[in-house]
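All remarks here apply to the structure that follows.
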Amino acid sequence: QDAEVQLVTLSALEQNHSEDAFRAVVNLYDRSHSEAVRTRAVYVLGNFRTSPAASKLIEIARKDLSENVRGEAVKALTQMGGEEVNAALLELSTEDRSPQAQRAARSSISLRLLVPSLIQTAENDSHPDQARGAIAGLSKMRSRQVDEALKMIALGSKNGAIRAEAIRALGMRQDTTSVPILKEAALNDADQQVRNEALSALRQLKNSDLAWQTLKDLLKASRDSDTRVAIVQSLVLLGMAGTHASETRGLLLDLALGGA
């Protein structure tokens, strides 16, 4: 029962990146004897991407009694940058005591070496198939460098298929910092496929309240009939599946009466 409560608490803290939330997650990890709770705490810590979070994950990767938890800590560290993280991954890549963490660290180091090359390929409008393949590879990597590259490509590429692929990758991240990029693409991109991908990405946000409000704002701002239809469809899919069912019905009624 206690473990179940802790897991629910950790899920509730996922989108809260405050210092108090960080301390709460660390406290839940430190007090728990449950491998499931500690694993979930590691996942949530990976979302903070701060120096204290990185330091805690490094400690977990080195000291947790569970090899699975140590391995998950290394995977979480791959989302972060910085000299401390790089040095820890290098050390853990030679750690024979924990084969799972060792494999994860070696994989992370290999991917980090590939990042600059993948970004360069992804930014090349002249070879769209290769660019889309590179973006698919980048979508599996977590770092500020990759995040910023995807955002730049989503708005800056001259190829609609490449922009759509970058938007799709941003949606998979479910990161609220991408909302301004997704709003811009959904409202102003010349390519309907890109606009639709942006709306799909917004629906994937873990913060459903933010996604709902963003889609409502887009509906008010959009003057393109095809885009408005796609926005309404997104609102229906999001609203009826979540906590906004009654608001969705009210919105549809308002639209039927000529509002919105």
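Here the structure is a predicted model, which is why all the values come from computation and not from measurement.
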Selection residues 141-196 - residue pairs positive for ring-ring contact (aromatic ring centres under 6.0 Å, His included), sequence neighbours left out: none
Results of side-chain contact (heavy atoms from CB on, under 4.5 Å) for D226 - residues two or more places apart only: Q192, D224
Contact list for residues 210-233, test ring-ring contact (aromatic ring centres under 6.0 Å, His included), sequence neighbours left out: W212-H244
T50: partners by side-chain contact (heavy atoms from CB on, under 4.5 Å), with sequence neighbours left out: F48, P52, A53
Check: residues 19-28 side-chain donor-acceptor pairs under 3.5 Å, at least two apart:
{"unit_1": "D20", "atom_1": "OD1", "unit_2": "R23", "atom_2": "NH2", "d": "2.3"}

Results of side-chain contact (heavy atoms from CB on, under 4.5 Å) for K183 - residues two or more places apart only: V179, T214, D217, L218
Set of side-chain hydrogen bond (donor to acceptor under 3.5 Å, both in side chains) partners for E59, sequence neighbours left out: K56
Nearest heavy atoms of R163 and A154, plus distance in Å: CD-O, 3.5 Å
By salt bridge (charged side-chain N to carboxylate O under 4.0 Å, His left out) - contacts of K75 (at least two apart): E72
For E148, all residues meeting salt bridge (charged side-chain N to carboxylate O under 4.0 Å, His left out), sequence neighbours excluded: K151
Minimal non-hydrogen separation, D125 against S157, with atom names: OD1-OG, 2.6 Å
D191 (side chain) donor-acceptor with G160 (main chain) under 3.5 angstrom: no
Heavy atoms from other residues, nucleotides or ligands near CD of Q120 exceed 12 (cutoff 6.0 Å): no
Under 3.5 Å side-chain donor-acceptor pair for Q130 and N124: no
OG1-CG distance between T176 and L205, expressed to the nearest 0.5 angstrom: 7.5 Å
side-chain contact (heavy atoms from CB on, under 4.5 Å) partners for S234, two or more places apart: L199, R203, L215
salt_bridge(D147, R49) N-O dist < 4.0 Å: yes
By salt bridge (charged side-chain N to carboxylate O under 4.0 Å, His left out) - contacts of E165 (at least two apart): R132, R168
Pairing residues for E84 by the salt bridge (charged side-chain N to carboxylate O under 4.0 Å, His left out) criterion, not counting sequence neighbours: none
Any V74 side-chain heavy atom under 4.5 Å of R70 side chain: no
